[in-house]
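Quick notes on the structure that follows.
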Amino acid sequence: MDISQILDPLNKAQRQAVCSEAQNTLVLAGAGSGKTRVLVHRIAWLVQVENVSPYSIMAVTFTNKAAAEMRFRIENLLKTPLRNMWVGTFHGLAHRLLRAHWKDAKLVENFQIIDSDDQLRLLKRIMKEMGIDDKQHPPREVQWFINDCKDNGKRSQQLNPADFRGREFLLDIYYRYEELCQRTGLVDFAELLLRAHELWLKQPHVLKHYQQRFSHILVDEFQDTNTIQYAWLKVLSGNNLPQTNIHTFVVGDDDQSIYGWRGAKIEHIREFCHDFNAGASAEKAAETIKLEQNYRSTGNILQAANAVIANNTERLGKELWTEDSEGELLQIYRAFNEIDEAAYVAGQIEKWVDKGGKRSDIAILYRSNAQSQPHEYELVKRGIPYRVYGGLRFYERAEVKDALAYMRLAANYQDDAAFERIINTPARGIGLRTVEIIRAAAKNNEQFLWQAVQELIENKQLSARAATAVQKFIYLIEEMDCSKKGDHFTLVEQVAHILELSQLKQFHGRENTERAQAKVENLQELINAVKRFDDEGDPLLEAVKESAELNDAEQQVLTNPMSEFLAHAALEAGEGQADEWEECVQLMSLHSAKGLEFELVFLTGVEQGLFPHKNALQDYVGGKLEEERRLCYVGITRARQQLHLTHAESRTMYGRNEMALPSQFLSEIPASLVSEVRAVNNNFSSFDSFSNNNSSFSSSYASPGGSADDRAEGEISIGQRVKHKKFGEGIVIDKEGSGARARVQVNFDYEGTKWLMLSIAKLV
DNA sequence: GAATCTCTTGTTTTT
DNA sequence: CAAGAGATTC
């Protein structure tokens with residue numbers, strides 16, 4: 001293949017970036033300016049033209065999806081598989097390093113990754129043991145504190161107690177938490193990064209090995225790196241020392257930094273030019289390249305985005321432009337409530353599809369995941385296929401995590417967190433009292449729960465009933481542990497075996513609700529997920545394996561399939577489960593939409609308090625508000641052809657009807673770019689002009705109210721008389737769905753016929 | 001010890 | 001409206 005294939009599809013600035021000769025290159029790439037293309041072509045250029053071995057290239061992306069996509073595109077361009085190239089997220093790469101160098105990282109060989117839910121449970125347990133009132137000090141805040149410390153590279157021992165007067169307990173909890181994780185072989189997300197950083201600092205031979213290995217490091221979404229990630233990169237790239245010959249190539253957009261709440265710092269973009277060039281010789285000095293031509297959106301969409309983001313201060317300065325025509329005006333729709341909003345969106349989708357548009361070109365975006373619900377409801381009603389990204393993901397579901405805990409405990413008896421989770425799930429007669437005895441014994445003898453139980457039974461320190469139940473549990477886990485028997489089960493067989501023995505399916509199957517049924521299905525699906533994982537494997541693992549034979553430092557690569565799968569479950573959390581390729585509308589949060597593009601975009605719930613979120617509005621400094629605005633900028637720039645912005649006058653939140661004003665971001669868009677479907681009232685000073693009267697409306701959620709006499713018993717059926725708080729008594733004349741929670745058409749005595757979502761109604 | 005009921009409380013975004 | 005904690009009953 002010749003060079004023209006790499007360079008021809010690029011404009012001048014893109015080409016300049018792809019061919020950059022500088023040791024360190026910063027690409028400031030506006031939304032839709034071909035950022036990913038530049039990265040992909042850069043790597044192709046390095047391999048094809050500069051004869052850099054893929055073995056010497058590391059590419060860091062923000063999500064696992066982006067990593068897979070990047071690998072795919074490069075291999076497509078070069079028409080050859082690049083198996084030994086490292087492509088992954090910071091977390092994924094750090095995980096790989098720690099598996100390979102677990103000894104040097106002072107970890108146990110089969111350490112397990114815990115998610116934030118597991119982390120919170122551990123902290124609750126520690127705080128309970130310490131006798132700290134969780135009313136006064138919410139565990140969530142402690143969790144936030146610890147993660148913030150780790151994100152900034154600080155261990156409990158490195159913090160100055162003088163800074164914590166009156167809050168010493170924070171340090172104490174942090175310290176105990178570190179100890180507990182260390183002892184039981186658990187690693188949280190922030191710990192992955194911190195350990196990997198410490199690996200560089202404390203094991204110079206490991207660092208040296210990778211410094212010799214990598215000649216090119218490329219980082220995507222650089223504006224969203226946090227302190228520890230930045231430090232990790234800086235150390236790896238040689239601390240600015242001229243003798244290292246590592247080239248860094250980072251791509252980012254300060255206007256799209258939306259992870260400040262997770263410790264990301266936009267400043268890194270600015271600091272990069274300074275930090276990564278001190279040691280470089282003059283001719284190799286840093287190069288900054290701006291990509292400002294947008295190839296994605298129409299002129300109107302782009303102008304709106306520019307106008308909104310212009311309200312932020314402290315930008316690096318960048319103005320997107322396009323050669324494209326103005327396109328259509330942006331549509332603003334002001335809905336009565338969230339149901340009306342969803343109906344509008346669905347109606348527009350039907351129009352689009354009628355004109356021959358594809359559903360997969362459409363995205364419904366929102367600020368918070370809970371907002372997907374009314375849209376899902378409306379789409380189901382109209383038979384429009386859709387797919388929801390994010391929210392509660394597959395491996396985060398309670399029943400799936402229970403199953404994973406069985407696997408974890410069977411693989412590692414020292415995993416106290418897993419032990420506690422499942423000792424009485426499903427219920428097997430081991431109550432709180434017994435668990436407390438075990439916990440206390442373990443603490444006194446400095447044992448793992450597993451050992452403590454054995455001793456308690458031997459010494460007959462448990463009641464006969466409890467002892468039998470606990471003994472049964474121990475035998476159960478031992479039976480699940482396939483490694484004991486010397487049999488060679490495949491991973492799928494192991495998981496199926498464990499799942500069967502756990503009786504989790506029967507446990508949930510007994511309950512006859514839709515929710516319980518879904519749990520059984522999820523457990524079923526877990527087997528399929530294992531199969532998929534087994535078939536596809538982890539490309540990054542492949543990369544490590546392939547290169548392992550080439551040198552000593554990476555010899556210790558661990559490939560225990562069960563541990564691999566559990567790590568995969570924690571890190572990927574189940575993105576991209578099934579249905580991936582069906583032609584369907586995409587629903588996702590604005591955060592998950594970063595990096596994607598769609599022909600037709602609906603930006604929904606654009607209301608003051610929701611977007612910008614109310615938490616951001618309380619911030620006096622305004623930094624949070626600016627991040628919300630960047631989020632808005634990200635949302636607007638996802639659209640290629642057409643953008644609809646919707647907001648509702650009233651919205652059900654925590655079961656109440658709340659009034660809402662249009663978002664201030666709407667008024668930041670020049671009126672000339674917008675067509676309003678209903679007049680937007682920009683009067684922010686009063687609620688007067690907004691009505692909460694839904695009675696003109698044919699469809700509405702029944703307000704459950706919550707008082708005891710509203711509660712439904714049994715099934716709602718046609719012909720039944722029901723009583724609704726607002727509309728009075730009526731008779732059900734039509735129904736969709738099943739159970740007490742269903743959509744029903746009711747003829748009310750005074751209010752006429754209405755469709756209602758009745759979850760709770762009094763049956764008369 | 002388990003199941004059920006009652007009450008409070010809280011909710012952004014994700015590796 | 002959900003989930004979680006605490007109290008009560010079986």
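Chain letters run A, B, ... following the sequence lines, proteins first, then strands; residues in each count from 1.
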message = Can you measure A:Phe62 atom CZ to B:dT14 atom P for me and round it to whole angstrom units?
response = 10 Å

message = Between C1' on B:dT14 and CH2 on A:Trp144, what's the gap in Å once rounded to a whole number?
response = 16 Å

task = Scan side-chain atoms only and decide if A:Glu376 and A:Tyr386 contain a donor-acceptor pair under the 3.5 Å cut-off.
result = yes

message = Counting only side-chain nitrogens and oxygens, does A:Thr652 get under 4.0 Å of the OP1 or OP2 atom of C:dC1?
response = no

query = Taking atom P in both C:dG4 and B:dT13, what distance in whole Å separates the two?
reply = 16 Å

ask   = Any side-chain donor paired with an acceptor under 3.5 Å for A:Asp188 and A:Tyr177?
value = yes

query = Quick one: does NZ or CZ of A:Arg387 land under 6.0 Å from the six-membered ring centre of A:Tyr389, within 45 degrees of the ring axis?
reply = yes

Quick test: give all pairs of protein nitrogen or oxygen and nucleotides 3-7 of chain C nitrogen or oxygen below 3.5 Å, distance rounded to 0.1 Å.
unit_1	atom_1	unit_2	atom_2	d
C:dA3	OP1	A:Arg515	NH2	3.1

key: A:Asp118 versus A:Arg408, closest heavy-atom pair with distance   = OD2-NH1, 3.6 Å

Pair A:Arg393 + A:Glu396: basic N to acidic O under 4.0 Å = yes

query = Do A:Lys505 and A:Glu399 sit within salt-bridge range, that is, some charged N less than 4.0 Å from a carboxylate O?
reply = no

remark   = Residues A:Asp220 and A:Thr61: closest non-hydrogen pair is CB-CA, 4.3 Å

query = Within the structure shown, what part of the strands sits under 4.0 Å from A:Arg630 by heavy-atom distance: base, sugar-phosphate, or nothing?
reply = nothing

note = When rounded to whole Å, the CG to C1' distance for the pair A:Leu590 and B:dT13 reads 9 Å

inquiry  = Taking the six-membered ring of A:Phe111 as reference, does the cationic atom of A:Arg99 (NZ for Lys, CZ for Arg) lie under 6.0 Å from its centre and within 45° of its axis?
reply    = yes

query = Should A:Asn64 be listed as having a side-chain N or O under 4.0 Å from OP1 or OP2 of B:dT15?
reply = no

task = Provide, to the nearest angstrom, the distance between the OH atom belonging to A:Tyr366 and the P atom belonging to B:dT13.
result = 10 Å

ask   = What nucleic acid atoms does A:Tyr259 come within less than 4.0 Å of, heavy atoms only: base, sugar-phosphate, or nothing?
value = sugar-phosphate

Under 3.5 Å, which N/O atoms of the protein pair with N/O atoms of nucleotides 1-5 of chain B?
unit_1	atom_1	unit_2	atom_2	d
B:dG1	OP1	A:Thr434	OG1	2.6
B:dA2	OP1	A:Gly429	N	2.6
B:dA2	OP2	A:Asn424	ND2	3.1

message = Side chain of A:Ser368, heavy atoms from C-beta onward: which of B:dT13, B:dT11, B:dT15 has the nearest atom to it?
response = B:dT13

inquiry  = Quick test of your reading of the model: are A:Arg262 and A:Asp224 salt-bridged, counting only N-O distances below 4.0 Å?
reply    = no

ask   = Rounding to a whole Å, what distance do you find between A:Asn615:CG and B:dG10:P?
value = 12 Å

query = Starting at CZ of A:Phe189 and ending at C1' of B:dT14, how long is that distance when rounded to a whole Å?
reply = 8 Å

inquiry  = Would you compute the distance between atom CG of A:Leu631 and atom OG of A:Ser257 and round it to the nearest 0.5 angstrom?
reply    = 10.5 Å

ask   = Under 4.0 Å: is that the gap between some side-chain N or O of A:Asn369 and OP1 or OP2 of B:dT11?
value = no

message = Please report the distance, rounded to the nearest Å, between CG in A:Leu120 and P in B:dT11.
response = 10 Å

key: Aro-ring/base stack A:Trp261-B:dT13, d under 5.5 Å, angle under 30°   = yes

ask   = Reckon A:Ser592 has a side-chain N or O less than 4.0 Å from the OP1 or OP2 of B:dT13?
value = no

ask   = B:dT15 P sits how many Å from A:Leu93 CG, rounded?
value = 15 Å

